[in-house]
Amino acid sequence: VVPIGLGDAQFAEFMIAAESRSTHPIARTLCYGQDIASLGAAQENYLEIPGYGVKTRYDGHSIIVGTYKFLTSVGVEFDKPDDETRGDCHFWDVWHGTKDFTEYSKHNMRFVSEFGFQSFPSKKTIETFTDDERDMNIFSYIMERHKRNGSANGKIMNYMQQTYRYPTTFENVIYASQLLQADAIRYGVEHFRRNRGRCMGAVVWQLNDCWPVASWSSVDYYGRWKALQYYARRAYKETIVSPYITEKGKVAVRLVTDSEVPVKTTLELYRVAFDGTTTAFSSIDVVIPADASVDACVESFPEITDGHR
């Protein structure tokens, strides 16, 4: 968004000038290749609040750059920038808000640029910062000091008891936390992709880590993939099959593609019982239009869907 009265070039100059003295890594990226020493020296009354933003005067103008919270705190007004009917949203009702994964399906954003869920790194990664068996408990002093969110470990276990049977060993807790993270994000990604046409993007927070900790990352500090990285590779494939329960309690199978040409395929449906018994009940030849999201079939299974949405 370019403020009224500024051209693109002048706006870019002011933004780079304001960020030239910032310690934030994204600011460093924005200013790469610029004469930051000169830009920094040309400023007056520079103030940085780490993690929030900067205020400065440059070339006779007052410049404020930062987060929504920071900008509103200094009197900048916005028209509901995080509203679902606007452009870009951050969605943290799942995780920070401790709501169930299904909360994703209640929202239809136009673009989601940040959502995530935490898990523990692998046992091998944990062993790089402790080899003491007494630390092999997620609430030990060492484990509590290796996390990116103050309440992370308890939050993971709260979600785990809602979703899985409780693991009985430290190794299984670590592994189950990664499956939990993967399931949470897969649920969100598939929902956002099923709403293709309205929602045109979903960016997961986050890819990797700057130190070995429990975090939102899908790849840990040492480059080891968590379960989420494998799940994300599948959920973000060009064409996906995504079953879901409709508002009327039916089971629908949605086909979504980012292909620029129609996709011709055969959809084979099976019912799998909890004892592993598998029954094939339908085979459907379909053509998915280019860049589309369509239901291939909608079926009623009250024994499955009653009480679940």
Side-chain angles (χ1 to χ4, degrees), residues 84 87-91 94 100-117 119 163 178-208 216-219 225-273 276 278-301 304-305 308-309:
E84 292 181 21
D88 167 37
C89 291
H90 290 185
F91 187 77
V94 178
D100 188 79
F101 304 166
T102 56
E103 188 67 19
Y104 287 120
S105 65
K106 300 174 185 177
H107 299 271
N108 295 297
M109 295 80 162
R110 297 178 66 87
F111 191 99
V112 190
S113 62
E114 190 178 292
F115 66 106
F117 197 95
S119 70
T163 312
Q178 294 192 13
L179 296 179
L180 185 71
Q181 177 193 36
D183 276 334
I185 298 304
R186 176 198 57 78
Y187 192 103
V189 170
E190 289 195 13
H191 167 69
F192 297 134
R193 291 198 66 188
R194 286 197 302 269
N195 281 279
R196 196 186 199 293
R198 175 179 176 80
C199 181
M200 295 304 291
V203 182
V204 176
W205 180 271
Q206 66 194 61
L207 175 62
N208 54 9
W216 298 274
S217 73
S218 59
V219 179
W225 285 26
K226 296 180 180 179
L228 171 57
Q229 187 71 1
Y230 295 95
Y231 275 48
R233 182 169 63 176
R234 179 181 296 178
Y236 280 107
K237 286 180 66 176
E238 184 175 70
T239 301
I240 64 168
V241 178
S242 180
Y244 68 102
I245 298 176
T246 71
E247 293 181 355
K248 295 183 178 180
K250 295 185 177 182
V251 175
V253 179
R254 180 72 59 90
L255 303 180
V256 184
T257 187
D258 291 334
S259 172
E260 295 180 354
V261 297
V263 176
K264 184 177 181 180
T265 188
T266 299
L267 179 66
E268 296 185 350
L269 304 176
Y270 299 85
R271 295 181 63 180
V272 182
T278 302
T279 306
F281 73 89
S282 186
S283 180
I284 307 169
D285 292 326
V286 294
V287 177
I288 315 171
D291 294 321
S293 174
V294 295
D295 282 336
C297 68
V298 180
E299 301 283 348
S300 294
F301 297 109
I304 297 174
T305 59
H308 300 281
R309 292 292 182 269

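- Side chain of Q181 to main chain of W216: a donor-acceptor pair is present (N/O by atom type, distance under 3.5 Å, no hydrogens or angles).
- For the atom pair H191 NE2 and S242 OG, the distance stands at 10.0 Å (nearest 0.5 Å).
- Across every non-hydrogen atom of P289 and V287, the tightest pair is CD-O, 3.5 Å.
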Under 3.5 Å donor-acceptor pairs involving side-chain atoms of residues 234-241, not counting sequence neighbours:
{"residue": "Y236", "atom": "OH", "partner": "A202", "partner atom": "O", "Å": "2.6"}
{"residue": "T239", "atom": "OG1", "partner": "T257", "partner atom": "OG1", "Å": "2.8"}

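- A252 approaches V298 most closely through the heavy-atom pair CB-CG2, 3.9 Å.
- Listed here is the closest heavy atom pair of N108 and R198: O-NE, 2.6 Å.
- The backbone N or O of C89 lies less than 3.5 Å from no partner atom in the side chain of E84, so there is not a single donor-acceptor pair.
- Under the salt bridge (Lys or Arg N to Asp or Glu O under 4.0 Å) criterion, the residue pairs touching residues 106-117 are E103-K106, with sequence neighbours excluded.
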Practice prompt. Take L207 and S218 through the test side chain to side chain contact (heavy atoms under 4.5 Å, CB included) and record every step on the way to the result.
Written response: CA-CA 5 Å; L207 175 62; S218 59; 3.8 Å; yes
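- Taken from CD in Q178 to CG in L180, the straight-line distance is 10.5 Å, to the nearest 0.5 Å.
- Nearest heavy-atom pair, K250 versus E299, reported as atom, atom and distance to 0.1 Å: CB-O, 3.3 Å.
- Checked by atom type and distance alone, the side chain of R196 never pairs as donor or acceptor with a backbone atom of V256 at under 3.5 Å.
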Step-by-step side-chain hydrogen bond (donor to acceptor under 3.5 Å, both in side chains) determination, R193 to S293: CA-CA 8 Å; R193 291 198 66 188; S293 174; over 6 Å; no
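- Ring pair F91/Y104 is tilted by interplanar angle, where 30° to 60° counts as tilted.
- The two residues V94 and D100 have their closest heavy-atom pair at CG2-O, 3.4 Å.
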Tell me, with the steps shown, if T163 and F101 meet side chain to side chain contact (heavy atoms under 4.5 Å, CB included). CA-CA 10 Å; T163 312; F101 304 166; 4.3 Å; yes
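- Shown here are the side-chain hydrogen bond (donor to acceptor under 3.5 Å, both in side chains) partners of T266, two or more places apart in sequence or in another chain: D285.
- The main-chain N or O of R194 is found under 3.5 Å from a side-chain atom of R254 such that the two form a donor-acceptor pair.
- Summarising the geometry of I288 relative to L255, their closest heavy-atom pair is CD1-CB, 3.6 Å, with the distance given to 0.1 Å.
- To the nearest 0.5 Å, atom CD1 of residue I185 and atom CG of residue L228 are 6.0 Å apart.
- Taking OH of Y244 as the reference point, atom CD of E190 lies at 12.0 Å (rounded to 0.5 Å).
- To the nearest 0.5 angstrom, F115 atom CZ is 5.5 Å from F192 atom CZ.
- Rounded to the nearest 0.5 angstrom, Y270 OH and T278 OG1 are separated by 9.0 Å.
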